[in-house]
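Shown next, in structure tokens, is the structure this report addresses.
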Amino acid sequence: AQTVTQSQPEMSVQEAETVTLSCTYDTSESDYYLFWYKQPPSRQMILVIRQEAYKQQNATENRFSVNFQKAAKSFSLKISDSQLGDAAMYFCAYRSGGKIIFGKGTRLHILP
Amino acid sequence: DGGITQSPKYLFRKEGQNVTLSCEQNLNHDAMYWYRQDPGQGLRLIYYSQIVNDFQKGDIAEGYSVSREKKESFPLTVTSAQKNPTAFYLCASSILGDSQNTEAFFGQGTRLTVV
């Protein structure tokens, strides 16, 4: 069975600094998708970034980028120039076929 | 506007009663999902459906039931067999097939409290 592991329950970063959130996954599939979602206090789930497993190039979205290491089954999220609005729960997610599973999340605190 | 609507936002029920959570989408998505969120547990998959009249159990299906009679609707029933039903429930939908837009779109969630 596929699993997604986020080993950092909480992290803190100084405003304007860079932080990296870790995610590893376990699968025997070769074709899948990976995502990072943000959940602010409103609890609305917001897509941050997606990565197709067949693409070697790491995805980027403005201040957000990923380090996708397929052989190591690792998918970390880097947030550059952290802002107060980045404070939230961040979830790593894996999709293969019709099933989408999530990790337990990392709570990110931004220190002013 | 296209989106996913969950209702109600807050729901209170007495122990031993079944309760149904509503989820409707007008995004024309084939796949729909139900997740349960508890503190420190992330999102755990309860059930998912890829096509009308078909659905699959997720990781924590015990004590829950679903139906998919229409493409737009995927209601979740929390039965009295669910030992600890108090939680935040999230419904999601997505397209299927090979596409860049394969992410799940989420509703606002329903907070269920059983007393």
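Here is the naming used below: chain letters follow the sequence lines, and residue numbers restart at 1 for every chain.
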Do [X] and [Y] share a hydrophobic cluster (ILVMFWY, side-chain heavy atoms under 4.5 Å, transitive)?
{"X": "Y64(B)", "Y": "F88(B)", "answer": "no"}
{"X": "L76(B)", "Y": "F105(B)", "answer": "no"}
{"X": "Y32(A)", "Y": "L77(A)", "answer": "yes"}

I'd like to know if the side chain of Y33(B) and the backbone of I101(A) have a donor-acceptor N/O pair within less than 3.5 Å. no
Could you tell me the separation between the [atom1] atom of [X] and the [atom2] atom of [Y], rounded to the nearest 0.5 Å?
{"X": "L96(B)", "Y": "R95(A)", "atom1": "CG", "atom2": "CZ", "value": "5.5 Å"}
{"X": "F35(A)", "Y": "S94(B)", "atom1": "CZ", "atom2": "OG", "value": "8.0 Å"}
{"X": "F91(A)", "Y": "Q37(B)", "atom1": "CZ", "atom2": "CD", "value": "4.5 Å"}

Do the non-hydrogen side-chain atoms of I100(A) and Y35(B) ever get within less than 4.5 Å of each other? yes
Hey, does Q39(A) have a side-chain heavy atom less than 4.5 Å from the side chain of F106(B)? no
Please check if the number of heavy atoms outside [X] that lie under 6.0 Å from its [atom1] is greater than 12.
{"X": "E62(B)", "atom1": "CD", "answer": "no"}
{"X": "K38(A)", "atom1": "NZ", "answer": "yes"}
{"X": "D54(B)", "atom1": "CG", "answer": "yes"}
{"X": "L27(B)", "atom1": "CG", "answer": "yes"}
{"X": "K70(A)", "atom1": "NZ", "answer": "yes"}

What option among Q6(A), R43(A), M45(A) has the most heavy-atom pairs under 4.5 Å with chain B? R43(A)
Counting heavy-atom pairs under 4.5 Å with chain A, which one of S49(B), A104(B), G109(B) comes out on top? A104(B)
Please look at [X] and chain A and tell me whether the side chain, the backbone, both or neither of the residue comes under 4.5 angstrom of a heavy atom of that chain.
{"X": "D30(B)", "result": "neither"}
{"X": "L43(B)", "result": "both"}
{"X": "Q41(B)", "result": "both"}

